[in-house]
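Here is the structure we will look at.
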Amino acid sequence: MGTASEFQILDSDHPRGYGRTHAKMILLGEHSVVYGKPAIAFPVHSLHLRAEAEFRGRGWQLITPFYAGEVTKEPEGSQPLERILAETAVRNTLRLLGSEPTNLHVTVTGYIPPARGLGSSAAVAGAISLAVARLHGVELSSEQRFHLVQSVERVAHGTPSGLDAYATTRGTPIWFHEGIATPLALDTVPRLLVADTGIQGHTAEAVSKVRRRFESDEAAVTDLLTDAERIAREGRDALQLGQISELGSLMNEAHAVLNALGVGDRRLDVLVEAALRAGAAGAKLTGGGMGGCMIALAPDAHTEMQLVQALTQVGATAVWPVHDGGDA
Ligand code: PMV
C-alpha cells in the first residue's frame, strides 16, 4: 500500500480520496480456514479495482460496474447483492469516521467477476472504505480496514474467515492462520493460472454445506480438515523451496479433499482434468466452490500457454495469470 499522500488531494478546493484493491485466489486451505486451519492466498494483480470519493453532487451517490444510484442512509431489503455490499461499505466507513456529509460521490472502476471465489466483495469493500476514509484525510489502520471489510463480508457470506479481507489488500502471497496474515517471501514465483467456469460460485451455501456435514459426521469431516491442514503446511514448504511438482501434487490432493467436503462441481472437474491432461503440475478449485474458478500450476512457460489453450477449449470463459509478467 502507498502512503496517504499518494491517494489524497487535501490542499485543493476539491478533495478526493482513492483506494486500490485487487482480486485474490486461494492456493490451499479454503473451507478448512473457516475451522481455524491455515491457508495460503495470492494476489491476482491483473484483476483490480479503484475507488474514487469526492464531496460533490446531491446526497450520497455510488457508481460501480454493477450499480449506479443513490446510497440509502439505512439498509433496504431485496436489492441486488452487489449494490447492498457497496452501499454497506460506504455507510459503515462513514459511521466509523463519525461523518454524515451532505454530499458524497463514490465511483468504482475496474473489474473482478463477482461470485467466482476471487474476493470481489472484499475488494469492493476495501477500495470504497480506503477512498472514503482518505477523502476525510484519514488513513485507516490495517485493523480498521480489516473490520470494515469484514462487516461487508458478513453480509456477503455469513461467517467469513477474514482471509479475503487481507488477501485483497496485500500485495504479496500470504500465509493466513488464526486471523493473522503473514507475507510469504518467495524466491521462485509459481506459474499459476486462474480459469473461470463462467458459472457463479456459491460460497455462503458451500460454507453452510460443510458446516452441516461437520455437524452430522464430525469424525469424517475432522479427518478431511486435518488433511487440509497438512496439505497447506507442506504446500508452504514446497512453495518456499521452489518445489513445483510437489506443490502440484498437493494441489491435486486439496482438490480431492474439497470434493470430499462436498463443495466441488462437475464443471470445475472438467477444467481440472483438462489442465492435468495438458501438463499442469497440479490443479484444483479455488475459493468457495460449487462453481466459480479453478487454478492450475504450470511447470514452465511453454506448458502455461498450452494450459490457457486447453482450458479455453473445454469451456473456461476466461483465464488470468496470477504471477506478474504472465502473458496468458
Ligand atoms: O469464495 P470466496 O472467494 O469468498 O472464498 C471463500 C473462502 C472460504 O474459505 C470458503 C470462506 C472463508 O470465509 O474463508
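Just follow the structure's listing: the first ligand is 1, and inside any ligand the first atom is 1. Please read all numbers here as calculations on a predicted model, not as lab measurements. Below, each value reflects all heavy atoms present in this structure, side chains not excepted, and no hydrogens, waters or symmetry copies. Count residues from 1 along the sequence.
- Residues passing the salt bridge (Lys or Arg N to Asp or Glu O under 4.0 Å) test with E54 are R56, sequence neighbours excluded.
- In this view, Q306 and H302 satisfy the side chain to side chain donor-acceptor pair (under 3.5 Å) rule, not counting sequence neighbours.
- Taken together through direct or relayed side-chain contacts under 4.5 Å among Ile, Leu, Val, Met, Phe, Trp and Tyr, F66 and I199 form parts of separate hydrophobic clusters.
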Would you mind writing out a table of all protein N or O atoms found under 3.5 Å from any N or O atom of ligand 1, naming both atoms and giving the distance to 0.1 Å?
residue, atom, partner, partner atom, Å
ligand 1, 1 (O), T203, OG1, 2.7
ligand 1, 1 (O), G288, N, 2.9
ligand 1, 3 (O), K24, NZ, 2.5
ligand 1, 3 (O), G117, O, 3.2
ligand 1, 3 (O), D164, OD2, 3.3
ligand 1, 4 (O), H157, NE2, 3.4
ligand 1, 4 (O), D164, OD2, 3.3
ligand 1, 9 (O), H31, N, 2.9
ligand 1, 13 (O), S161, N, 2.8
ligand 1, 13 (O), S161, OG, 3.4
ligand 1, 14 (O), S161, OG, 2.5

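- Defined by atom type and a distance below 3.5 Å, a donor-acceptor pair is present between the side-chain atoms of T303 and D300.
- For F55 and H136, the ring centers sit closer than 6.0 Å to each other.
- Evaluation of the side chain to side chain donor-acceptor pair (under 3.5 Å) test over residues 259-288, restricted to residues two or more places apart or in two chains, returns E30-K284, H255-N259, H255-D269, N259-D269, D265-R267.
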